[in-house]
K.L.:
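This is the structure, below, for whatever I ask next.
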There are 2 protein chains.
Amino acid sequence: MAATTSRTLELLSLLQSHRHWSARELTGRLGVSDRTLRRDVERLRELGYGIESLRGSAGGYRLEAGTGLPPLLLSDDEGVAIALGLRSQATAGLRGAEHTTLSALAKIEQVLPPALRRRIEALQSHTAVGAGGAWNRSGRPTPEVDAELLGLLALASRDSERLRFRYTDATGAASARVVEPYRLVPVARRWYLLAWDRERLDWRTFRLDRISEVFSTRVRFEPQEMSEEAARERVERAVRHRRRSIRARIVVELPQAELAEHLGWYGREVEAVDASHCAWPIEAESVEALGMALIWLPAGVAYRVEDSPELRAYLTAQAERFAAAARASA
Amino acid sequence: MAATTSRTLELLSLLQSHRHWSARELTGRLGVSDRTLRRDVERLRELGYGIESLRGSAGGYRLEAGTGLPPLLLSDDEGVAIALGLRSQATAGLRGAEHTTLSALAKIEQVLPPALRRRIEALQSHTAVGAGGAWNRSGRPTPEVDAELLGLLALASRDSERLRFRYTDATGAASARVVEPYRLVPVARRWYLLAWDRERLDWRTFRLDRISEVFSTRVRFEPQEMSEEAARERVERAVRHRRRSIRARIVVELPQAELAEHLGWYGREVEAVDASHCAWPIEAESVEALGMALIWLPAGVAYRVEDSPELRAYLTAQAERFAAAARASA
DNA sequence: GCCAATGCGGACGAAAAGTGACCGGATGTC
DNA sequence: GACATCCGGTCACTTTTCGTCCGCATTGGC
């Protein structure tokens, strides 16, 4: 049944896997006459996919960018790669596009066969969070959002399905919750779930890394309207433990242009103080992270810290630790 | 024409965008009778997609994980999110799955409408490379692979299309090249293109960040067989400037378990020395990166460096710099 | 300039499929 | 038990699909 639908999909898949195909190759693969192939191409074109054809002795068909995205026909491996990409994208907390990333993630998580899911987990544990190499970290040594949890919650929120889970609050008290999940909101590098707590009959905000033992009850609920902004606001208000962000201003003995060039993207806020000094405003969640920033200042250039006694104290202490370690290593 | 093919795709798309649909909703959207809907569902099931149906008053259809990946029907936004995820995945140099990531990337780049491409570029410039925030960096301040270039080259390699570009070699000499691209290979955090140089009639290895002004001549060439491994080997041999990796062993005055817990994923190689000491082998491309690692050791715990006079010297120097900065800030 | 290779699309008729209406049945929830 | 929902068989009718045959257009190499 439906030879033509599946054949059309297969044609699209072939066109996606190689740029160029001659009619002969395609008819061979699909097992149809050339006339039918032409009709299939026509069909795809009518559906909006840009298929270009070239005549002459080097002729053939090629899939071009069209007006919309065609269905992506992926191999298992590619599916795994995409899921990994989306997960790391989501856990890294890309600003501005979280919602879309989650919706794409939900789509793929929904249909991910278990075997692939296992592959993803294996790969994820083999690679550093956020990918890269050993020393690529953002703040504390253990941010580590559980990407799978994120996917699960995204799916349940999208589909308005009740959830049961265990929650350990800030004081360490654990409780069992039954909630109607609405949105996932990233605030200050952490993910929060905004949900209606069915037992407390009120809105609650749950920090993802405190959620465990999630059960997807496949029971649907009737969601109330809630805009992205409203959700964000609510969560931000709820997050009492505000981001304790530390700022400092580093004054460096270097012209603005030179430092900016050395730092690249990270130095985009460097401003000139005078012809031979510039100031670099930095901000992070901990003094350690600020200390890391200072490591990357060019060697042999003097600098000083402004507006942050905290960082200054830290530098003094850290200088001693480094010196002690160096002495101990002799 | 072909109402049924497009309708089937649309049904799949609907099922992907929400988990649960009743027959009434679907027939309404698709404009067909319920019998036809059932036949469409049947068709999709025959194609291997897992569609579960629930009877009873809360009944409906739901797309489940099947045996394979169904075509992903994405909105424009979601396509952008996926492309972004793949690009950052690729530029971050995920080990072990580069090839697959590139093949998925090629697939989506091939069909990305120009408007979406522009959106991606805009988003990319607004977000830190590798995502995250200010202090998430891997090594040197400026790795910054051009993700778009990567996509372009991946596409040309996959499809065996000749390329023209400008190349600036290590000595700074620029030249125009016409090549037949074969593979993209990541070595030591950098991407290289292995290609046959049509003018020099030999294999050449090009570092991506030295390539510019690429033109895709849409001329195809007949590729020779080349395995992934052969390509990797060739590039690694060609890359004379071998990864200058620095190793050190940090002996910490802390039981193995405690340090391992504090460091989390990064401390997975920590080994016990005796009951109250453990050793942490670390490795990075620069002493600065190693210094960063040391910052994250728990405060107040003494440690010393083994096997790396380089790091020791660096610590002495850095201690002085920190101290000087702290003094200057008074 | 000619030729071979390639893609284009109209016409036709036989075969296949898709479609809706109708039905009795099964399986859930309330 | 009442109700809502999905299930899948059958039938008659309509539409599409498909291969074959055709002359035409375009391209690159000889």
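Because only heavy atoms are used, hydrogens play no part in the values below, and waters and symmetry mates are left out as well, while side chains stay in. Every value quoted in this text rests on a predicted model; they were computed, and no experiment measured them. Every chain is numbered from 1 and lettered A, B, ... according to where its sequence line falls, protein lines coming before strand lines.
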K.L.:
Grab the CZ-C1' distance between B/R43 and D/dT17 for me, whole Å please.
P.N.:
13 Å
K.L.:
Is there a side-chain contact between B/R210 and B/D169 (heavy atoms, below 4.5 Å)?
P.N.:
no
K.L.:
Any heavy-atom pair between the side chains of A/R207 and A/Y167 that's under 4.5 Å?
P.N.:
yes
K.L.:
Has A/R234 got its NZ or CZ under 6.0 Å from the middle of the six-membered ring of A/W203, at an angle within 45 degrees of the ring axis?
P.N.:
yes
K.L.:
The side chain of B/R35 is closest to which nucleotide in this list: D/dC7, D/dC21, D/dG9?
P.N.:
D/dG9
K.L.:
Tell me: CZ of A/R24 to P of C/dC8, nearest whole Å?
P.N.:
15 Å
K.L.:
Taking atom P of D/dA4 as reference, at what distance in whole Å does atom CZ of A/R220 sit?
P.N.:
17 Å
K.L.:
Atom CD of B/E52 and atom P of D/dC6: how far apart are they, to the nearest Å?
P.N.:
13 Å
K.L.:
For A/V32 and for B/G59, find the nucleotide of DNA chain D with the closest heavy atom, then tell me which residue's nucleotide is more 5'.
P.N.:
B/G59
K.L.:
For C/dG20, take OP1 and OP2 only and decide whether either is under 4.0 Å from a side-chain N or O of B/T36.
P.N.:
yes
K.L.:
Taking atom P of D/dT27 as reference, at what distance in whole Å does atom CZ of A/R62 sit?
P.N.:
14 Å
K.L.:
Under 4.0 Å from OP1 or OP2 of D/dC7: is there any side-chain N or O of B/S53 that close?
P.N.:
yes
K.L.:
Can you give the donor-acceptor pairs under 3.5 Å from side chains of residues 55-64 of chain B to other protein atoms, not counting sequence neighbours?
P.N.:
residue, atom, partner, partner atom, Å
B/R62, NH1, A/E161, OE2, 3.3
B/E64, OE2, A/R218, NH2, 2.9

K.L.:
Grab the CD1-P distance between B/I51 and D/dG8 for me, whole Å please.
P.N.:
13 Å
K.L.:
Send over the distance from A/R39 CZ to C/dG10 C1', rounded to a whole Å.
P.N.:
10 Å
K.L.:
Would you call B/D197 and B/R204 a salt bridge, taking side-chain N to carboxylate O under 4.0 Å as the test?
P.N.:
no
K.L.:
Go through it in stages, so that I can follow the logic: the residues are A/R29 and A/L14, the test is side chain to side chain contact (heavy atoms under 4.5 Å, CB included), and I'd like the CA-CA distance, side-chain angles, deciding distance and then a yes or no.
P.N.:
CA-CA 9 Å; A/R29 294 249 187 173; A/L14 289 174; 4.0 Å; yes
K.L.:
Can you check the A/D34 CG to D/dT20 P distance for me, whole Å?
P.N.:
9 Å
K.L.:
Tabulated below should be each protein N or O lying under 3.5 Å from an N or O of nucleotides 28-30 of chain C; please produce it.
P.N.:
residue, atom, partner, partner atom, Å
C/dT29, O4', B/S57, OG, 2.8

K.L.:
Assess whether one donor atom and one acceptor atom, taken from the side chain of B/R38 and the base of D/dG9, lie less than 3.5 Å apart.
P.N.:
no
K.L.:
Could you work out, with side chain to side chain contact (heavy atoms under 4.5 Å, CB included) as the rule, every residue matching A/V178, not counting sequence neighbours?
P.N.:
A/R162, A/R164, A/R198, A/E199
